[in-house]
Protein chains: 2
Amino acid sequence: MSAPKLLLVEDDTALAELLEYRFASEGYEVRTSADGDEALMMAAEDTPDLVLLDWMIEGTSGIEVCRRLRRDKATAHVPIIMLTAREAEDDRVRGLETGADDYVTKPFSPRELLARVSAVLRRVRPALAGETIETGDIKLDPVAHRVERRGRALQIGPTEYRLLKFFMEHPRRVFSRSQLLDAVWGTGSEIEERTVDVHIRRLRKAIALDNARDPIRTVRSAGYALEPV
Amino acid sequence: MSAPKLLLVEDDTALAELLEYRFASEGYEVRTSADGDEALMMAAEDTPDLVLLDWMIEGTSGIEVCRRLRRDKATAHVPIIMLTAREAEDDRVRGLETGADDYVTKPFSPRELLARVSAVLRRVRPALAGETIETGDIKLDPVAHRVERRGRALQIGPTEYRLLKFFMEHPRRVFSRSQLLDAVWGTGSEIEERTVDVHIRRLRKAIALDNARDPIRTVRSAGYALEPV
DNA sequence: CATTTTTTCGACAGATTTGTGACAATAAGA
DNA sequence: TCTTATTGTCACAAATCTGTCGAAAAAATG
């Protein structure tokens with residue numbers, strides 16, 4: 001399984017290094033920035049799976065970073081855990097309103113933060129936490145790299161697996177062919193858009209059961225979506 | 001998702017370039033003009049989603065541009081944020097009276113302006129921010145690209161979807177055929193006006209339910225409007 | 001009531017978009 | 001090395017959508 005990618009935005013160097021070390025040793029891939037604008041750039045370049053955001057950083061404030069992350073389509077759904085020094089109620093409230101998923105009040109133990117991160121990831125993108133995702137009657141176990149539907153194991157190729165996993169992480173949402181290319185094939189892949197159609201067909205075939213409805217919805221002139229049956 | 005279109009009216013070239021760059025990198029589509037009359041022409045050609053209007057521009061004054069935008073049916077309801085250099089109370093009051101939606105006092109940070117723009121757009125056109133819109137008994141989810149009425153999913157073609165979405169973003173308002181052509185088909189589409197009628201009919205058919213009233217009102221010799229049931 | 005204007009409706013051919021099977025190239029595994 | 005899977009593209013078929021007409025219906029006008 002691929003290591004969850006964290007983006008840590010923290011200008012206290014000592015704390016940042018400590019956390020970086022602890023998370024790395026727990027199997028996370030961590031990148032750090034002390035500066036809000038830089039962090040936003042890093043997030044834009046390579047979308048992280050979760051952002052740890054200090055509320056009190058220099059330059060662009062934490063709340064603003066949060067807003068901007070939410071506003072950009074690519075990072076709009078990345079979970080954010082804010083690290084706040086203040087006990088101040090309204091800071092937390094404002095944070096959660098702005099779209100943070102959870103907060104941790106300083107001082108905190110690395111262990112506590114690890115637990116929160118794991119919890120948020122489990123809730124938002126179960127596959128990253130190594131947990132089985134279930135959408136409708138389809139179950140996907142990212143650790144075993146196995147997919148089953150109504151108890152029956154499905155045989156499914158690598159690309160179709162990634163495609164299905166992506167869909168299951170964002171059920172009901174419509175994705176254009178180019179969005180799917182970016183998400184499943186990687187940004188900048190120079191692949192024909194129509195190729196997506198072919199893989200959709202292969203995926204449909206792979207997850208088809210005699211008496212089950214096709215859970216993949218074609219949205220004409222827009223793209224495809226996975227609808228839980 | 002289509003990028004929100006902004007029209008920036010600002011004669012301070014340096015500021016204009018800065019803003020243009022920042023907004024572009026946030027996913028907006030920006031056109032700029034330093035001149036009031038030119039700006040009005042641009043707005044007429046391709047209706048923007050929001051206008052950023054400097055109050056103190058050369059030639060036609062900001063307040064006049066604002067008035068004229070409000071007077072033209074096509075741009076009457078486009079939100080306007082005015083950029084005012086003065087702290088002067090009466091300038092802001094006059095602006096809001098003339099029909100501006102919000103104001104930002106110079107000097108301001110691009111960040112602050114971004115926040116205002118986002119807030120105004122969210123308030124005025126939720127679908128641009130990916131929120132579901134609800135008009136009467138019809139619900140439209142732009143993310144899932146799905147329309148339902150009284151809980152029942154509707155089957156609806158691409159053009160009818162765009163048409164309905166536009167109507168739902170501006171309920172109760174009457175639009176002429178040429179306004180609809182501009183908004184739904186795109187400016188400069190060389191399509192027969194009568195064609196709108198046909199798509200209205202198709203939309204009516206698509207959203208019809210046995211026991212429900214037709215929510216689309218025909219306004220003879222003027223156009224069509226969506227009336228929440 | 002007859003006339004004029006405007007809108008609705010059904011039909012249709014052409015255009016777009018999507019589904020599908022086949023195929024060569026490449027990668028992976030035995 | 002030899003087999004077997006997987007991948008990305010095509011070309012063609014199938015499905016769906018589009019823009020226009022012209023006739024019929026409805027609404028205003030006088």
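Letters go in sequence order (proteins before strands), and every chain restarts at 1.
With distances taken from any side-chain atom of B:Asp197 to the nucleotides C:dT5, D:dC17, C:dT8, the minimum falls on C:dT8. With D:dT20, C:dT6, C:dG21 as the candidates, the nucleotide lying closest to the side chain of B:Glu192 is D:dT20. With D:dT18, C:dT7, C:dG19 as the choices, the nucleotide that has an atom nearest any side-chain atom of B:Thr159 turns out to be D:dT18. Here the nucleotide nearest the side chain of A:Arg202, chosen from C:dA22, D:dT18, C:dT7, is C:dA22. The side chain of A:Ile191 approaches D:dG8 more closely than any other nucleotide in the set D:dG8, C:dT7, C:dT20. Candidate nucleotides C:dT7, D:dT9, D:dT18 were compared by shortest atom distance to the side chain of A:Thr195, and D:dT9 ranks first. Closest approach to the A:Trp185 side chain among D:dA26, D:dG8, D:dT7 is made by D:dG8 (side chain taken as heavy atoms from C-beta onward).
Across all strands, A:Tyr161 comes closer than 4.0 Å to no nucleic acid atom at all (heavy-atom distances). If you check every strand for non-hydrogen atoms under 4.0 Å, B:Ser221 touches sugar and phosphate atoms only. Using a 4.0 Å heavy-atom criterion, one finds that A:Glu160 contacts the sugar-phosphate atoms exclusively. Nucleic acid contact for B:Gln155: none, since no nucleic acid atom lies under 4.0 Å from a heavy atom of the residue.
No salt bridge links A:Arg202 with A:Asp197; every basic N to acidic carboxylate O contact stays at or beyond 4.0 Å. Of the charged side-chain nitrogens involved, at least one lies within less than 4.0 Å of a carboxylate oxygen, so that B:Arg150 and B:Asp137 count as a salt-bridged pair.
A:Arg217 contributes no side-chain N or O that, together with a main-chain N or O of A:Gly223, makes up a donor-acceptor pair within less than 3.5 Å.
Position along DNA chain D of the nearest nucleotide to A:Arg194 versus A:His199 favours A:His199 as the more 5'-ward residue.
The base of C:dT6 is paired with the side chain of B:Arg220 by a donor and an acceptor separated by under 3.5 Å.
The ring of A:Phe166 has its center closer than 6.0 angstrom to the ring center of A:Phe175.
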